[in-house]
Visitor: 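What follows is a single structure, and I will ask about it in a moment.
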Amino acid sequence: MTARQMTDKQVEQGLRSLRTPAPEGMLDKVLDRLGLGDAYVRVEGPIGPLFVAFGRDGIALVERAADAGDFEAAFRATFRRPIRRIDQAPELIQRVIDQRLWGKSLPSGPLPLDLHELPDFEQQVLRKVLEIPRGEVRPYAWVAAELGRPLAVRAVGNAVARNPIPFVIPCHRVVRSDGRIGNYGAGGPTAKRAVLESEGMDTTEMERLPAKGVRFIGSDSTRIYCYPSCRNARRITEKHRVALRSADDARHAGYRACKVCRPVDPPFRVAVA
Amino acid sequence: MAIAPNDPLCARLASDLDEAFADLVVDHQQLVFGVAARVVGDFSAEDVVQEVFVRAYRALKRYPKERVREMRLRPWLARMALNAARNLIRGRRHEMDVADLADGGSGVEEAPHQYSERSEQRRMWARLLAGLPPRYRLAVALRHVDDLSYAEIAETLNKPLGSVKSDVHRGIALLRAAYDAEQRGQEHEMAKEAS
């Protein structure tokens with residue numbers, strides 16, 4: 001029996017069978033090596049869907065999800081790098097999103113947030129805002145005092161307004177000392193109120209107290225005074241609850257400041273009723 | 001003679017490199033991987049692919065837009081893949097016997113699961129291809145595995161078109177002969193067992 005003769009065509013066919021696609025993930029690795037590896041996902045947020053963009057250094061841009069093209073253009077304009085949409089964020093980023101938006105358990109280590117496009121002062125402001133606990137608020141004046149710049153209240157306001165990653169950095173938890181809710185880049189005061197409410201904050205009560213001249217709540221048993229939304233203040237029973245007009249008044253009455261919320265008077269006292 | 005318009009991807013790379021670069025990778029990664037894998041094996045080829053596209057990006061960023069618009073991407077990338085893969089081998093020559101690489105073109109580097117998934121047929125063709133003298137092996141593979149045109153192969157290898165054509169044809173003929181020889185050898189074995 002003679003061997004079946006192999007033809008050129010069959011040889012070519014045999015060679016074509018050796019074609020294999022490149023392995024998965026090559027594009028991502030290349031983009032990461034070139035620093036072009038930014039991506040974004042669409043996630044549910046407390047008051048509606050959000051686009052969350054992140055790169056090698058962490059979460060860099062968050063906006064309420066509207067037009068994807070607009071978001072991509074906004075990212076490119078700020079960061080001068082391309083961005084691509086993906087279906088699922090990497091695990092660490094997803095855990096950070098879950099923690100920041102929904103209060104789920106915190107990943108260990110420093111949060112991957114990419115703020116280094118911002119000037120130093122603004123970064124400090126935003127990192128301080130990051131410390132405000134869920135369900136609580138602090139005045140702009142508090143942020144300024146915490147940074148050792150108690151008079152820089154307006155600068156703090158500007159920095160907060162320029163927060164590139166709302167919801168992840170909770171700029172909605174920064175309010176005015178006079179009790180008004182203040183402005184909010186991601187949808188104005190109405191949206192701000194909605195986000196705070198979604199975190200369990202009673203915004204009506206929050207605005208009512210300063211209108212009545214009350215800035216702090218103290219306990220006549222512990223002689224400690226707090227911001228009204230501080231978790232320690234909320235634990236004070238009705239019997240022991242004392243309303244205080246100012247830190248000066250509090251101190252003269254023998255109270256000391258809560259070490260958790262570290263309350264301060266605003267630097268330029270607005271006349272309250 | 002009309003001049004054919006160049007690959008539209010080149011125009012996009014010239015006008016906005018960052019926007020078009022991902023497409024460059026996606027469209028050409030199979031070519032770059034294939035060329036590299038035949039030299040260094042599947043496993044190391046991944047590193048070569050990354051290296052090639054990183055270098056390609058940096059080059060495209062440096063070149064004047066005119067040059068980018070007129071580029072012939074496939075020969076350019078294929079040549080970079082060959083060079084990068086060969087450099088990898090040169091660096092490792094003391095670690096591995098070059099003859100190992102001739103075994104299926106993937107030698108000791110091939111990931112076990114890939115080897116077991118290949119059909120018997122494909123393994124045979126890979127083996128026969130790897131058994132060719134390098135000059136014919138390269139030409140035949142670029143033509144029939146990587147699907148480059150003769151002109152593209154000529155540019156990749158910096159050889160005359162006529163040479164390339166004859167190398168491909170000779171390579172095919174040698175493969176045919178190798179296959180036939182193998183068949184005859186097997187039939188001879190079977191005949192011996194049967195008797």
Side-chain angles (χ1 to χ4, degrees), chain A residues 1-41 53-57 60-61 68-87 114 117, chain B residues 16-22 25-26 28-34 37-38 42 45-47 49-54 56-58 105 111 114 118-119 121-122 124-126 128-129 140-141 143-147 169 171-187 190-191:
Chain A
M1 184 162 50
T2 52
R4 184 168 60 90
Q5 290 286 10
M6 170 66 48
T7 64
D8 282 1
K9 280 262 172 293
Q10 285 167 315
V11 173
E12 290 170 17
Q13 208 167 19
L15 291 168
R16 274 197 292 278
S17 79
L18 296 178
R19 290 178 189 176
T20 35
E24 294 284 320
M26 298 266 59
L27 173 62
D28 288 350
K29 289 185 185 147
V30 171
L31 292 181
D32 281 343
R33 272 185 67 177
L34 289 169
L36 295 178
D38 299 282
Y40 74 101
V41 289
F54 45 86
R56 212 169 22 189
D57 296 326
L61 189 68
D70 287 348
F71 180 73
E72 293 175 17
F75 184 89
R76 288 207 63 188
T78 309
F79 296 92
R80 290 172 302 283
R81 298 194 301 266
I83 190 156
R84 68 194 191 279
R85 178 151 174 189
I86 59 178
D87 290 327
D114 181 0
E117 300 280 331
Chain B
D16 191 341
L17 174 61
D18 285 357
E19 185 272 328
F21 183 72
V25 176
V26 169
H28 297 88
Q29 57 183 346
Q30 180 166 351
L31 168 66
V32 174
F33 181 78
R38 277 194 308 273
D42 286 12
E46 286 200 34
D47 287 342
V49 171
Q50 284 184 48
E51 196 55 47
V52 166
F53 282 115
V54 167
Y57 178 85
R58 292 182 182 146
Q114 285 171 308
R118 281 189 176 188
S119 72
Q121 278 290 309
R122 291 180 65 206
M124 179 201 68
W125 284 114
L128 294 181
L129 179 63
V140 161
R143 176 82 192 104
H144 292 293
V145 182
D146 303 319
D147 201 27
H169 294 145
I172 298 284
L174 287 171
L175 281 172
R176 214 168 7 99
Y179 178 87
D180 288 343
E182 194 158 292
Q183 282 297 102
R184 278 198 301 280
Q186 283 175 3
E187 289 186 356
M190 278 161 46

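Note that these values count all heavy atoms, side chains included, but never hydrogens, waters or copies made by symmetry.
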Visitor: When you compare the side chain of B:Phe21 with that of A:Leu31, does any pair of heavy atoms fall below 4.5 Å?
Guide: yes

Visitor: In Å and rounded to the nearest 0.5 Å, what is the CG to CZ distance from A:Leu15 to B:Arg122?
Guide: 12.0 Å

Visitor: Heavy-atom distances under 4.5 Å only: say whether B:Asp16 touches chain A with side chain, backbone, both or neither.
Guide: side chain

Visitor: At their closest point, which heavy atom of A:Asp8 faces which heavy atom of B:Arg176, and how far apart are they?
Guide: OD1-NE, 2.7 Å

Visitor: Which heavy atom in B:Ile172 sits nearest to a heavy atom in A:Glu12, and how many Å separate them?
Guide: CD1-CG, 4.0 Å

Visitor: Between B:Tyr179 and A:Met6, which heavy-atom pair has the shortest distance, and what is it?
Guide: CE2-CE, 3.2 Å

Visitor: Using 4.0 Å as the upper bound for N to carboxylate O, is an ion pair formed by B:Glu46 and A:Lys29?
Guide: yes

Visitor: Could you tell me which non-hydrogen atom of B:Phe33 sits nearest to which non-hydrogen atom of A:Ala22, and how far apart they are?
Guide: CB-CB, 3.9 Å

Visitor: Would you mind checking which part of B:Gln121 comes under 4.5 Å of any heavy atom in chain A, side chain (CB onward), backbone (N, CA, C, O), both or neither?
Guide: neither

Visitor: Against chain A, work out which of B:His169, B:Glu51, B:Met124 has the most heavy-atom pairs shorter than 4.5 Å and name it.
Guide: B:Glu51

Visitor: So which heavy atom on A:Leu34 is nearest to which on B:Val54, and how close?
Guide: CD2-CG1, 3.9 Å

Visitor: For the candidates A:Arg19, A:Gln13, A:Arg16, A:Arg76, which exhibits the highest count of non-hydrogen atom pairs separated by less than 4.5 Å from chain B?
Guide: A:Arg19

